[in-house]
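What follows is a set of notes on a single structure, which appears directly below.
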Number of protein chains: 4
Amino acid sequence: MRARTNQAKDERRTAFLMAAMDEFFENGFAAARVDDIARRAGLSKGTLYLYFKSKKELFQGLIDMAAAPKRQQLEKIVSEAPTATAAIEGFLRFAPVIVRQSIVPRIIKVMIGDSRRFPEVAHTYNQQVIERTLGLIADILKRGHDNGEFTVEDPKLTASLVIAPIFMSLVWHILFEQDSSDGNDFVDLEALFSLHHKMLMKALGAGNTA
Amino acid sequence: MRARTNQAKDERRTAFLMAAMDEFFENGFAAARVDDIARRAGLSKGTLYLYFKSKKELFQGLIDMAAAPKRQQLEKIVSEAPTATAAIEGFLRFAPVIVRQSIVPRIIKVMIGDSRRFPEVAHTYNQQVIERTLGLIADILKRGHDNGEFTVEDPKLTASLVIAPIFMSLVWHILFEQDSSDGNDFVDLEALFSLHHKMLMKALGAGNTA
Amino acid sequence: MRARTNQAKDERRTAFLMAAMDEFFENGFAAARVDDIARRAGLSKGTLYLYFKSKKELFQGLIDMAAAPKRQQLEKIVSEAPTATAAIEGFLRFAPVIVRQSIVPRIIKVMIGDSRRFPEVAHTYNQQVIERTLGLIADILKRGHDNGEFTVEDPKLTASLVIAPIFMSLVWHILFEQDSSDGNDFVDLEALFSLHHKMLMKALGAGNTA
Amino acid sequence: MRARTNQAKDERRTAFLMAAMDEFFENGFAAARVDDIARRAGLSKGTLYLYFKSKKELFQGLIDMAAAPKRQQLEKIVSEAPTATAAIEGFLRFAPVIVRQSIVPRIIKVMIGDSRRFPEVAHTYNQQVIERTLGLIADILKRGHDNGEFTVEDPKLTASLVIAPIFMSLVWHILFEQDSSDGNDFVDLEALFSLHHKMLMKALGAGNTA
DNA sequence: TATGAATGAGCCTTCATTCAT
DNA sequence: GATGAATGAAGGCTCATTCAT
């Protein structure tokens, strides 16, 4: 079947990208075979080259796709929260979902594994995703500080610490997913982030004035 | 010069392993070339095969070497601390060194990048290094709790949070090392862990009884 | 031109097998280069691996091909002969053709040269070709004996002796082909087998009763 | 231990040659490893190169050694026979020993397997061994004919037929030695050559005048 | 002399990319 | 547009040969 419409073309493109993500995740860029990616996408090797000029361009397309829509969910959660405290709570309650969903850990794994081969890609992802998320959190913290909800001296650095358990969980998820594929996680993510939230609030002196 | 003594042979073996670590770090297992590893070790490709049966065995030798002596420094720091509070302070002051030194981030990067290809290796490393470190921290926390230095409800989970910024820093280090190779880090590690320590102690209610 | 039909594929497969026979004949399995085989077949190295999983499989394919249709000619000659005496005469008159044609000596040479490396292959060829031919001759001899054409006490053993000069000629052909490539054989095959036939008949007491 | 005397040197040389014969027999020239040959000889790889300039020279040394003393036994048997008839009987009674002994089939196998790689070697062996043996038999046949023991028209050609079953047995021995390594041969050599002798004599009309 | 560590040329095999159908 | 046959560069590994000890 041939893709004549633009929509059909986009679907094929996306199918290749998703397949590429899976293969790159499993094997890394070098060991992933173009043939396997195409077959996983349900199309043929030759067709892939109609959509991407090379394996490398496929990789970059993947990162671009991954970088794009990531913050929308987060921004919605945060913007809808009435207070900074509530925003942080919402953010950390959402964290286990991010870790468990398939796309973010996959992308992170690919990024880490091939970051030295494609430094620009890592750099871009950093600016598009990590810095932005960090900025988002820092803004919340600053807001909370200014509102008197809690005390934050260095919002940027503090934001890093807010995010740290997410990184750790992502790495664990990548490393040990197969160990825990039988349902129970390598760590109880809800409990982890609940504790993290509790300790964070206490560390920030939140609720003391209440 | 030819290695006829056992010691000289061990030196060559180690040279290959260090070279392998660098190449695997830069390129991942699949893309690293045996020839480059040997050349980096100052020896020839053929010679490498006198010491390792295959590229894969070289990889496993690397992980084995890396897994072995990692905790010694930590354990010394911890065991020499008079109190749990001091032990944690010592541990977190030591954290930037771990992150900045070349070996741990390199190994972690290699582990992550090729964890799906060699799941047993990842599993082993986890048990040998991560679980052990986690247990070490958990023990300290329990000790501090029992001593009344601070309050810890779930030592294992709390230990994860103590460690989390180290993971995050490691990942950042891996991803952005080149961005910051001109001296200044992508983040001020001393400040980060100092803040982490301060907030952690506050979250645990340490020093309240003083 | 690309092989898209099954027939075209079979042609390529056969081209590789014939080229392999020549190269294996010239150099033996170990010394034959896959690259040379492919080039001789007029295709590229990579293409060969589309048709054969490995060099060894190519070797086995060669033997399989060689083992298959070898007796047809013989069986025709023998079955069309009115008497056992005529069958033997036909067989021995046909012998020089077998020795001189390219395929049998080549296969035999490859078989001998690599028999220790692939014992199963030698074993199969033995059963498929040698035992069968021997059985064919033994049957003729028994028939002639039963008919009273001549006297044969041990048909199987006698069949071996009927065949022996063929083996000898094959080996000589293999060893000295180049010495005689300028036309004249290292031995006059027609004369040899004519004499062999004459002596054989006499030894069997054929024609005595006439 | 070092070989200072000439005798000790010769012993080492011979040890290498015998080891080479075994390895070349098992694997052919290309696949035989110098290291294995040396180890089989109980010496080291480096030492081999003190005695032979290259692997190829080792091969040639082997053929030279093999070509030299082969006819002595035969010539003795033949020269001691009172009549041509007795000489042929002695020769054919000796045949199974030649086939079964380790050296001749091994050399023949090596010769055949690598004849195309070293045509001069095959040529030399032919002249040194085969032609000579053929000449020996032809002489006997001529003698018997001149004596009136039997009738031979073409001694050279007839000699080939006398020898043919030896070639066949050698090839079978090479091909199927392992099949019959449990004692019983692939063919009863004594019976074979006994029958061969009987038929040969009858074909030559021997004893008719008695 | 004897050894075996070191070398690097060479070969099998894989796979990204091209292109005839 | 889609396919998969064909290509050949590249890389893991072996092994004949050299040479320091």
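Throughout, a chain's letter reflects where its sequence line sits, starting with A, and its residues are numbered from 1.
- In this pair, D/Phe24 and D/Phe29 present their aromatic rings tilted. The plane angle is within the 30 to 60° band.
- Side-chain to base pairing of C/Arg2 with F/dA5: one donor and one acceptor N or O lie within less than 3.5 Å of each other.
- Between the CG atom of D/Asp35 and the P atom of F/dA16 there is a distance of 8 Å, given to the nearest Å.
- Closest to the D/Arg12 side chain, of the nucleotides E/dT3, F/dA6, E/dA2, is E/dA2.
- The CG atom of B/Leu43 sits 11 Å away from the P atom of E/dG8 (whole-angstrom rounding).
- Residue C/Lys55 contributes atom NZ, which lies 4 Å from atom P of E/dC12 at whole-angstrom precision.
- Between C/Val34 and B/Ser44, the residue anchored nearer the 5' end of DNA chain E, judged by the nucleotide with its closest heavy atom, is B/Ser44.
- The residue C/Ala32 sits close only to the backbone: its heavy atoms come under 4.0 Å of sugar-phosphate atoms, none of a base.
- Counting any heavy atom pair closer than 4.0 Å across all strands shown, B/Lys9 reaches sugar-phosphate atoms only and no base atom.
- Using a 4.0 Å heavy-atom criterion, one finds that A/Phe52 contacts no nucleic acid atom at all.
- Side-chain contact check for C/Tyr51 versus C/Glu57: every heavy-atom pair is 4.5 Å or farther apart.
- The CD1 atom of C/Ile63 sits 10.5 Å away from atom CD of C/Glu120, with the distance rounded to the nearest 0.5 Å.
- With hydrogens and angles ignored, a donor-acceptor pair closer than 3.5 Å exists between the side chain of A/Lys45 and the base of E/dT17.
- Following rounding to the nearest Å, D/Leu48 (CG) and E/dG4 (C1') show an atom-to-atom distance of 13 Å.
- Residue contacts for D/Arg33: at a heavy-atom cut-off of 4.0 Å it reaches the sugar-phosphate backbone alone, with no base atom in range.
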